[in-house]
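All remarks here apply to the structure that follows.
Predicted model, so just to flag it, every value in this text is computed and none were measured.
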Amino acid sequence: MFRFANPEYLWLLLAIPFLTAFYAWFAAVRRKALKRYGAPSLLATLMPEVSVKRRGMKYFMLLAGLTAVVFVIAGPQFGSKLETVKRQGIEVMICLDVSNSMLAEDISPNRLEKAKQMLSRLTDDLNNDKLGLIVFAGEAFTQLPITSDYISAKMFMPSISPSMVSTQGTAIGSAIELAMRSFTPNEETSKAIIIITDGENHEGDAVQIAAASAEKGVKINVVGIGLPKGAPIPVGIGSDFLKDNSGNVVITQMNEQMCQDIAQAGQGMYVRADNTNSALKALQGELSKMSKSEVESQVYSDYDEQFPVLAWIALIIIVLEFFILERKNRLFRNVKLFS
């Protein structure tokens with residue numbers, strides 16, 4: 001994206017046509033005055049060192065230099081600039097369950113959409129912190145590396161769906177291990193992992209992995225999403241639901257006990273998400289308790305200044321214009337550089 005920091009100075013460019021018209025008028029007056037002394041062809045032989053083309057070249061070079069100066073003053077900016085800044089914050093990795101059971105509608109509009117809404121509002125509440133996002137079902141994948149770019153984080157959230165992970169299941173242990181590897185290495189900051197899941201079809205030894213993470217100073221907070229009574233899993237568009245081999249509608253129920261066990265082993269908090277905002281407020285309160293330390297982040301500033309290039313162009317043009325004389329050099333009279 002391109003813009004000018006001070007676009008009001010571009011009005012100075014309106015002077016260029018007037019200066020060009022003035023130069024044309026002055027040149028006409030000059031020619032008319034010279035005709036009083038004789039024919040132009042005769043005067044050219046009497047003044048062999050005078051070069052009309054050099055005079056025109058000098059003027060247009062000066063005009064080009066002034067145009068470049070106007071653009072420099074206007075402050076051209078383009079693209080973005082990567083800057084390293086130091087802030088007081090924490091690092092948070094979010095592990096979001098995207099298994100098919102997260103489409104159940106016991107939580108409005110459904111479990112997954114409720115989780116995405118919660119994450120969006122949680123991101124809005126972060127300040128100077130780093131955030132990363134992992135999606136998991138039967139496998140875990142990094143959706144967003146840990147960053148302080150909250151705009152990018154929110155852009156990723158609407159596109160999250162069960163189709164992102166082809167293998168079904170609930171590999172919470174794999175998600176925790178991937179989250180532990182995703183934190184900024186060699187940075188002494190407070191770190192936390194937030195797992196949002198219904199816990200159904202739980203695989204692996206997530207409790208043991210959560211305990212190992214807690215021993216390394218990383219708390220595991222778990223948000224159980226869903227209602228104990230459960231709900232059917234919608235399939236496609238319409239009112240059809242997932243059925244088992246016997247043709248019975250599958251009812252997915254949140255495994256609350258497993259979620260609590262993981263949170264306890266990870267020395268973190270467990271909270272159940274329902275149709276209220278209580279879970280979000282609990283998470284915000286838990287993160288606010290964490291001690292903040294210096295976090296080094298690379299962020300993109302809005303625009304990168306481009307005026308130095310134009311400044312050099314203007315300087316080169318003006319210097320060349322200064323050294324080009326209106327009269328021909330006697331030593332190089334026969335060199336037809338401007339013919």
Side-chain angles (χ1 to χ4, degrees), residues 90 92-127 129 131-137 143-144 150-151 153-162 164 170 172 175-176 179 190 192-202 206 210 219-234 239 241-242 249-290:
I90 61 175
V92 181
M93 286 299 302
I94 296 172
C95 301
L96 177 59
D97 188 349
V98 294
S99 57
N100 288 334
S101 60
M102 290 289 286
L103 297 177
E105 297 174 350
D106 50 350
I107 301 294
S108 179
N110 62 43
R111 296 175 182 178
L112 183 57
E113 289 301 319
K114 178 67 175 181
K116 287 156 63 173
Q117 293 172 7
M118 186 189 309
L119 289 181
S120 180
R121 295 184 61 182
L122 183 65
T123 302
D124 292 335
D125 191 57
L126 295 177
N127 185 26
D129 305 310
L131 175 72
L133 178 61
I134 291 171
V135 295
F136 69 93
Q143 177 73 5
L144 178 70
Y150 305 141
I151 296 177
K154 295 194 71 171
M155 287 176 59
F156 276 115
M157 291 176 189
S159 63
I160 296 175
S161 68
M164 300 179 71
T170 309
I172 298 177
I176 296 175
S190 297
I193 296 174
I194 297 175
I195 300 172
I196 303 178
T197 180
D198 57 16
E200 191 177 53
N201 295 330
H202 165 55
K219 287 187 176 182
I220 310 294
N221 299 303
V222 182
V223 178
I225 190 159
L227 299 179
K229 65 179 182 180
I233 303 173
S239 58
F241 297 101
L242 182 66
V249 175
V250 175
I251 301 297
T252 172
Q253 295 177 313
M254 181 184 64
N255 189 343
E256 190 164 36
Q257 184 59 52
M258 186 273 298
C259 293
Q260 292 174 340
D261 291 343
I262 292 175
Q264 184 178 1
Q267 300 179 14
M269 172 198 69
Y270 168 76
V271 61
R272 184 203 298 171
D274 50 25
N275 287 310
T276 69
N277 293 321
S278 58
L280 173 64
K281 293 179 181 179
L283 277 179
Q284 292 172 334
E286 189 69 17
L287 294 180
S288 66
K289 296 176 185 177
M290 297 178 63

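- Shortest non-hydrogen contact noted between Ala273 and Ile107 is O-CD1, 3.7 Å.
- When atom types are taken as modelled, the side chain of Asn110 and the backbone of Glu113 share a donor-acceptor pair closer than 3.5 angstrom.
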Mind running side-chain contact (heavy atoms from CB on, under 4.5 Å) on Ser159 and Gln143 for me, showing each step along the way? CA-CA 10 Å; Ser159 63; Gln143 177 73 5; 4.3 Å; yes
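- Asp198 contributes no side-chain N or O that, together with a main-chain N or O of Gly226, makes up a donor-acceptor pair within less than 3.5 Å.
- The shortest distance between side-chain heavy atoms of Cys259 and Arg272 does not fall below 4.5 Å.
- Counting non-hydrogen atoms of neighbouring residues, nucleotides and ligands closer than 6.0 angstrom, the CE atom of Met155 reaches no more than 12 such neighbours.
- Residue Leu133 forms a side-chain contact (heavy atoms from CB on, under 4.5 Å) with just one option from Thr123, Leu119, Ile194, and that option is Leu119.
- No more than 12 heavy atoms of other residues, nucleotides or ligands lie within 6.0 Å of NZ in Lys219, so this atom counts as exposed by the packing criterion.
- Scanning all heavy atoms of the two residues, the minimum distance from Asn275 to Ser108 falls at OD1-N, 2.8 Å.
- Between Leu96 atom CG and Ile195 atom CD1 the span is 11.0 Å, to the nearest 0.5 Å.
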Could you go step by step and tell me if Ile94 and Leu122 meet the side-chain contact (heavy atoms from CB on, under 4.5 Å) rule? CA-CA 11 Å; Ile94 296 172; Leu122 183 65; 4.2 Å; yes
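- The CG atom of Leu126 sits 6.0 Å away from atom CG of Leu131, with the distance rounded to the nearest 0.5 Å.
- Of the inter-residue distances, the one linking Arg121 atom CZ with Lys154 atom NZ reads 10.0 Å to the nearest 0.5 angstrom.
- Minimum interatomic distance between Ile233 and Ser101 (heavy atoms only, all atoms of both residues): CD1-CA, 3.7 Å.
- Scanning all heavy atoms of the two residues, the minimum distance from Pro234 to Glu105 falls at CG-OE2, 3.8 Å.
- Contact record, Leu283 with Met118: CD1-SD, 4.0 Å, taken as the closest heavy-atom pair.
- Listed here is the closest heavy atom pair of Ile196 and Ile225: CG2-CG2, 4.4 Å.
- Going from atom CD of Gln117 over to atom CE of Met157 covers 12.0 Å, rounded to the nearest 0.5 Å.
- Tyr150 is not listed as a side-chain neighbour of Asp124, based on a closest heavy-atom distance of 4.5 Å or more.
- Remark: Asn221 CG to Gln267 CD distance equals 11.0 Å, nearest 0.5 Å.
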side-chain contact (heavy atoms from CB on, under 4.5 Å) assessment of Ile172 paired with Met258: CA-CA 11 Å; Ile172 298 177; Met258 186 273 298; 3.6 Å; yes
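- Contact of the Phe136 side chain with the Asp97 side chain is registered, since non-hydrogen atoms from C-beta on lie closer than 4.5 Å.
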Could you go through the side-chain contact (heavy atoms from CB on, under 4.5 Å) check for Met254 and Asp106 one step at a time? CA-CA 10 Å; Met254 181 184 64; Asp106 50 350; over 6 Å; no
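- For the pair Arg111 and Thr252, the minimum side-chain heavy-atom distance is below 4.5 Å.
- The 12-atom threshold is exceeded at CD of Gln260, counting heavy atoms of other residues, nucleotides or ligands nearer than 6.0 Å.
- At distances below 3.5 Å, at least one donor-acceptor pair connects side-chain atoms of Asp129 with backbone N or O atoms of Ile90.
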